[in-house]
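Okay, so here's the structure we're looking at.
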Number of protein chains: 2
Amino acid sequence: MFEGFLMDRTDTSLIALRRILRATELHGKELAQAAGLTAVQFRALQIVAETGSATAKAIATRMGVTQATVTALIDRLVRQGMVERQPSQTDRRQVNIVPTAAGQRTVEEAPDALQQRYVRKFEALADWEQAQIVATLERVAAMLDAEELDASPVLATGHIHGPDDGVAGHPAQRPGPKPVAG
Amino acid sequence: MFEGFLMDRTDTSLIALRRILRATELHGKELAQAAGLTAVQFRALQIVAETGSATAKAIATRMGVTQATVTALIDRLVRQGMVERQPSQTDRRQVNIVPTAAGQRTVEEAPDALQQRYVRKFEALADWEQAQIVATLERVAAMLDAEELDASPVLATGHIHGPDDGVAGHPAQRPGPKPVAG
DNA sequence: CTTATTTTATTCGCTTAGCTAAGCAAAGGT
DNA sequence: ACCTTTGCTTAGCTAAGCGAATAAAATAAG
């Protein structure tokens, strides 16, 4: 290959990618700060609020962590009055985590500046431009995640999709992110 | 999913974005696991190895955390034989963190599967496709990060291409993202 | 030159987040 | 009725982060 400029383009794309990551990373903190919760807590609350109720298992799967982690996480959310535990009647092993009024409000009122900014700008684009962006993003995503990899719209905070988006699918592979050992 | 009517293009693009984030997130763990370090540790080691030496302050600034955090982080890297502390002669307050041979090797040999996969696929694309991807990614990045945002190629780890690709630059501004409160 | 201020790193105590391993209780199978 | 799986919790550990309090060196004032 012509090392010269071909390489340059690869670099450029990597850097753009990095900017995207960085922006989202910072956004997470920003958003959590505004809501008075940590990013992880907010994420869990979001999942709960999205469907109105979720089991610990479901949350763990969605977040890619173990149940034990979720237990502690929910403890904190309960302590802050964001969610409540409701033992399920259909299956008494399970516990349904439901948002409190405050929790629901928190999620709904979260500024989510980043996404709003993005959405605003995206929707201001011409039709063909939008189409092109979608096509490219999907292509890049495919290049990165190689195998299929559950892409539930976790980024989507409020509004976006309807209330009862089943979300069911969730191959739930990736049993545990298995982070490094000590 | 309900791509039918509920899923407009904005949604689709957000989901693609989310896939990209997710892939990178997982990649961080993967990479760290291969290197025997956590993602954060690896990142710090990377910074140190990049320039051959860095003060705690510099690392803190680059990573956007406090010095206290860096101290503990470096402790762990020292314990693992990845870096060493070398008191500076020019300014006896500061401590230069330098990589050990093992640490240097670790950074250089890090597989960085994600990036390699991406680069491989990217470079297999037709010329116009590459150009289009670059243009779109930059556009999206601009939509997301709005303001300035030091976009140094931090993603670039073992870096596929040549040994001495510039990379130097690093404005090293970014006074400190002042991460979320606790 | 002496004193005050700022800078750099560390230590201490605490919180969040993550894991594994053990355990209990409810559902299901055979 | 007995195992087995499933769902959640507890307990104990590590990593990562913070702020506050030092300690020591480098600067700035005086």
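Keep in mind that this is a model prediction, so the values were computed, not measured.
- Phosphate proximity of D/dG7 to A/T55: absent, as no side-chain N or O sits under 4.0 Å from OP1 or OP2.
- Both A/N96 and B/Q89 sit near DNA chain D, but only A/N96 has its closest nucleotide nearer the 5' end.
- The side chain of B/A68 has D/dA20 as its nearest neighbour among D/dA20, D/dA16, C/dC19.
- Applying the 4.0 Å criterion to OP1 and OP2 of C/dA17, one finds that A/R76 has a side-chain N or O inside that range.
- Side chains of A/Q46 and A/E50: no donor on one and acceptor on the other come within 3.5 Å.
- Distance, B/L73 CG to C/dT10 P: 12 Å, rounded to whole Å.
- Separating the CE atom of B/M63 from the C1' atom of D/dA16 is a distance of 9 Å, rounded to the nearest angstrom.
- In this structure, the side chains of A/V70 and A/I97 stay at 4.5 Å or more apart for every pair of heavy atoms.
- With rounding to whole Å, A/K57 atom NZ is found 19 Å from C/dA26 atom P.
- Side-chain nitrogen and oxygen atoms of A/R93 include none within less than 4.0 Å of the OP1 or OP2 phosphate oxygen of C/dG28.
- Which of C/dT10, C/dT16, C/dC19 sits closest to the side chain of A/T66 comes down to C/dC19.
- Of the possible donor and acceptor atoms, none in the side chain of A/T69 sits under 3.5 Å from a partner among the backbone N and O of A/V65.
- Using a 4.0 Å heavy-atom criterion, one finds that B/Q94 contacts the sugar-phosphate atoms exclusively.
- For B/T69, no side-chain nitrogen or oxygen approaches OP1 or OP2 of D/dA16 to under 4.0 Å.
- Computed from coordinates, the A/Q41 CD to C/dG18 C1' distance equals 14 Å when rounded to whole Å.
- Annotation: side chain of A/I133 is not in contact with side chain of A/W128 (no heavy-atom distance under 4.5 Å).
- The side chain of A/R92 places no N or O atom within less than 4.0 Å of a non-bridging phosphate oxygen (OP1 or OP2) of C/dA25.
- Within the 4.0 angstrom heavy-atom criterion, only backbone atoms of the sugar-phosphate kind lie near A/A56; the bases stay farther away.
- Nucleotide D/dG7 holds its P atom 19 Å from the CD atom of A/Q86, rounded to whole Å.
- As a whole-Å value, the separation of A/Q67 CD from D/dT5 P is 16 Å.
- Looking at which nucleotide of DNA chain C each of A/D91 and A/R79 is closest to, the 5′-most match is held by A/R79.
- As rounded to whole Å, 17 Å separates atom P of C/dT15 from atom CG of A/L77.
- Looking only at atom types and distance, the side chain of A/Q130 has no donor-acceptor partner in the side chain of B/S13 under 3.5 Å away.
- Here C/dA17 is the nucleotide among C/dA17, D/dC18, C/dC19 with the atom lying nearest to any side-chain atom of A/V40.
- Rounded to whole Å, atom C1' of D/dC8 lies 11 Å from atom CG of A/D75.
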